[in-house]
Each structure stands twice: as C-alpha cells, then as structure tokens.
There are 2 protein chains.
Amino acid sequence: MTESVVLKKEIPPYNVFDERCPTRDVLARIADKWALLILARLENGPMRFNKLQRDIQRITKKVLTQALRKLERDGLVSREVFATVPVTVEYSLTPLGQALTETVTVLAHWVESNMDAIVAAQSAYDAANAQT
Amino acid sequence: MTESVVLKKEIPPYNVFDERCPTRDVLARIADKWALLILARLENGPMRFNKLQRDIQRITKKVLTQALRKLERDGLVSREVFATVPVTVEYSLTPLGQALTETVTVLAHWVESNMDAIVAAQSAYDAANAQT
DNA sequence: CCGTATCCCCAGGGATACTG
DNA sequence: CAGTATCCCTGGGGATACGG
C-alpha cells in the first residue's frame, strides 16, 4: 500500500523570541516611542510633515524624518508629494499600517486609562525603596 | 431662576501627545524592545531570572535587571524571592501587567503574522531607492 | 514647506569579572 | 542562582544652520 505521507505544513517559523528572526528587528523598530506616536497620530488620516512635527512635540525634523523613512520602508506609512509651491508632503497609513495602528492605539489608550494605577505603583515602589 | 450649572467632569487630562504628560514617559518605557519581550515572555506564568535571560536571547544580566526594575516600579511586574539555596527569584505579571501584556502580545503576533508583507515592502522600497 | 548637512554629546547598552 | 561592579564605547538623538 502506498503510504500517504502528510508533509508537515511549513508554517513560517517567525518568532520574536528567536534572536535571528527578522521579526525581532521589526518589533524593535515599532517598539520605539517616536514610531508609536507617529502611527497613533496618523490614525485619523493623512498629515503633512510640519503638522506631524507640531503635534508630536519635542521631536526634531531629523528624527521625525528618520522615523518616517523606517516606517515607510516597512510598508506601514506612505509618502505622497504634491507639487505645490512650496512643496507639500503628506504621510498616511497604508492598509498594513492601519491594521497595526489599531493595536498601537489600544496600547496608548491603555496607558492613559491606567495612569493612576501606575502612579500609585511608582509611589509605593519608591516608598519601599527609600534611601535614608 | 437658578441656573443648574453642570460642571464639566474633570476627566484626567492624560494624553500621550502632550510632551509634559507623564503617560508619555510610561509609553516610552513600554515602547522598548526589551520591555515588550519580557512582558510577552511572562504571559505564560512566573519565570525565574536566568530562565528569562535564556529565553530572551541576546540580553545581558545588567540590562535585564534594569528593565525588570522599571517594570516593577510601574507596577507591571512583581518580584518574589524564595529562600532556597541558592536563592530563587521569580518574576510574574501583576494584574495590571497582565492586562497590558494582552495588548503587547497582540502586537508581537501581528508582526509575526504580517512579516511576509513587511519583507515585501522592504524589498520594494530598497529596489525603488537603489543607488547608482 | 520639507527636508539635509554638520557637529556634538553622553546615556545607555555590551562585555567581562566578581559576590552573597 | 541572581544579581552588582566596572569599564568601555558608539550611535542615536539634540541643536543649529542651510538648501531646493
């Protein structure tokens, strides 16, 4: 009888805990304070470069540009140039970025919603570890 | 007639986009590659220090300790010492950390699930921006 | 308006060794 | 086992100025 060999389905061995897995680099790029803020900010629609910089306070043009390039390379953000004078550039979430951002937004909101508990924990921790 | 003045309910003005809001610091602490990996790793239950270090590859004791302390201070992780010989220390998620980690895990899984699309985007980007 | 180009700087992370 | 203690070091930001 001919054995029907059931090949183990090759599930992509992506695993963020494997130091060699490229997902780890991607996660590290997303797990960046600026990246998260940018994604969260773009959730409500396209936005120009300067508007982004103004909304996300304390970020320099250089760093914002770098962060946007990385997000663009990973296919999370798209960049569109309009030939106005002076030039206008709009950034928006790609469908891929949109999906990711939903989770990112949950994260940001979670922090806001639980900030009181976090502050309390910090106080307790600091009190317990108080130095002379 | 006496106006019944409806006081605007004072919702905590927590907002990650405000540079002065403490939520921003917390988000920055969570938005850290090591912090995310630690939280994700602790999701399945308590874990000892060395096990944690082995599972999360490429992290040194120093950095792991620092990361755990921050998470502990924010009330996301708890540390329990057992007077065995040699000493055993277990780290686990607090209820607060548990809730957060659910979202974190979604994020990690999202990356793994969408890695193929991300890789494709990277290739396209690199091809479009090829030098010379 | 939307970025580069420079310069500078130090905090944070790596490597290694040691201890309760 | 679970951390400190040191030393080193670099690259990621910050500030500023300029350019298309």
Side-chain angles (χ1 to χ4, degrees), chain A residues 19-20 24-39 41-42 45-74 77-92 125 128-129 131, chain B residues 19-20 24-39 41-42 45-74 77-92 125 128-129 131:
Chain A
E19 57 171 326
R20 297 186 194 175
R24 186 132 169 183
D25 303 323
V26 174
L27 185 63
R29 243 170 282 149
I30 295 172
D32 170 80
K33 62 172 177 174
W34 296 130
L36 288 198
L37 288 174
I38 290 170
L39 290 176
R41 202 62 213 170
L42 288 179
M47 203 172 277
R48 285 178 305 97
F49 184 88
N50 274 9
K51 179 80 164 71
L52 261 178
Q53 193 189 3
R54 258 176 281 119
D55 283 5
I56 305 172
Q57 304 167 35
R58 291 264 183 187
I59 187 171
T60 62
K61 289 177 190 292
K62 188 179 85 173
V63 174
L64 178 56
T65 301
Q66 289 171 343
L68 284 169
R69 292 289 176 277
K70 289 178 194 170
L71 293 173
E72 200 190 343
R73 178 166 186 270
D74 285 339
V77 161
S78 69
R79 177 178 184 270
E80 193 173 5
V81 182
F82 298 92
T84 54
V85 181
V87 66
T88 301
V89 179
E90 256 188 16
Y91 290 92
S92 56
Y125 183 93
N129 299 48
Q131 313 277 38
Chain B
E19 59 171 326
R20 297 186 193 175
R24 186 132 168 182
D25 303 323
V26 174
L27 186 62
R29 244 170 282 147
I30 296 172
D32 170 80
K33 60 171 176 174
W34 296 129
L36 289 197
L37 288 175
I38 291 170
L39 291 175
R41 202 63 214 169
L42 288 178
M47 204 172 275
R48 287 177 305 96
F49 184 86
N50 274 8
K51 178 81 164 72
L52 215 43
Q53 193 190 1
R54 258 176 281 117
D55 282 8
I56 305 172
Q57 306 167 33
R58 291 265 183 186
I59 186 171
T60 63
K61 288 177 190 296
K62 189 179 86 173
V63 173
L64 177 57
T65 301
Q66 288 171 344
L68 284 169
R69 292 289 176 278
K70 289 178 193 169
L71 293 173
E72 199 189 345
R73 179 168 187 269
D74 285 340
V77 160
S78 70
R79 176 178 183 272
E80 194 173 3
V81 181
F82 299 92
T84 54
V85 180
V87 67
T88 301
V89 180
E90 256 188 15
Y91 291 91
S92 55
Y125 182 92
N129 298 47
Q131 309 283 37

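Bear in mind the structure is a predicted one, so any value in this text is a computation, not a measurement. Below, chains carry the letters A, B, ... as their sequence lines are ordered, and counting in each starts from 1.
- As a whole-Å value, the separation of B:Gln57 CD from C:dA15 P is 14 Å.
- For A:Asn50, whose side chain is taken as the heavy atoms from C-beta onward, the closest listed nucleotide among D:dC1, D:dG3, C:dC2 is C:dC2.
- In this structure, B:Phe82 reaches neither bases nor backbone, as no heavy-atom distance under 4.0 Å exists between it and the strands shown.
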Report, one pair per line, the protein and nucleotides 11-13 of chain C atoms (nitrogen or oxygen only) whose separation is under 3.5 Å.
from: C:dG13; atom 1: N7; to: B:Lys62; atom 2: NZ; distance (Å): 3.3

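- When the P atom of D:dA2 is taken as reference, atom CE of B:Met47 falls 12 Å away, rounded to whole Å.
- In this entry the distance linking CD1 of A:Ile38 with C1' of D:dG13 reads 14 Å, nearest Å.
- For the atom pair CG (B:Leu64) and CZ (B:Arg69), the distance works out to 9.0 Å, reported to the nearest 0.5 Å.
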Could you check A:Asp74 against A:Arg29 for side-chain contact (heavy atoms from CB on, under 4.5 Å), going step by step and ending with a plain yes or no?
-> CA-CA 9 Å; A:Asp74 285 339; A:Arg29 243 170 282 149; 2.6 Å; yes
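- Rounded to an integer number of Å, the gap from B:Tyr91 OH to D:dA2 P is 8 Å.
- Taking atom CG of A:Leu52 as the reference point, atom C1' of C:dC1 lies 13 Å away to the nearest angstrom.
- Under the 4.0 Å criterion applied to side-chain N and carboxylate O atoms, B:Glu90 and B:Arg48 are not assigned as salt-bridge partners.
- Put simply, CZ on A:Arg48 is 10 Å from C1' on C:dC2, counting in whole angstrom units.
- When the nucleotides D:dC1, D:dG3, C:dG3 are ranked by their closest atom to the side chain of B:Arg54, D:dC1 comes out on top.
- Here A:Ile59 contributes atom CD1 and A:Thr65 contributes atom OG1; the two are 8.5 Å apart, rounded to the nearest 0.5 Å.
- A salt bridge is defined here as a Lys NZ or Arg NE, NH1 or NH2 lying under 4.0 Å from an Asp or Glu carboxylate O, and B:Glu72 with B:Arg79 fails to meet this definition.
- With D:dT4, C:dC1, C:dC2 as the choices, the nucleotide that has an atom nearest any side-chain atom of B:Lys61 turns out to be D:dT4.
- Rounded to the nearest 0.5 Å, atoms CG (B:Leu68) and CH2 (B:Trp34) are 12.5 Å apart.
- One distance of note links CZ of B:Arg24 with CD of A:Gln57; it measures 6.5 Å at 0.5 Å rounding.
- Look at A:Arg58 and you won't find any side-chain N or O under 4.0 angstrom from OP1 or OP2 of D:dG14.
- Not one side-chain nitrogen or oxygen of A:Arg29 sits closer than 4.0 Å to the OP1 or OP2 atom of D:dG12.
- In this structure, A:Gln53 atom CD and C:dC2 atom P are separated by 10 Å, rounded to whole Å.
- Using a 4.0 Å cut-off, some side-chain N or O of B:Arg79 falls inside it from OP1 or OP2 of D:dG3.
- Distance, A:Leu68 CG to D:dG13 P: 14 Å, rounded to whole Å.
- Comparing C:dG3, D:dC1, C:dC1 by their nearest atom to the side chain of A:Val89 picks out C:dG3.
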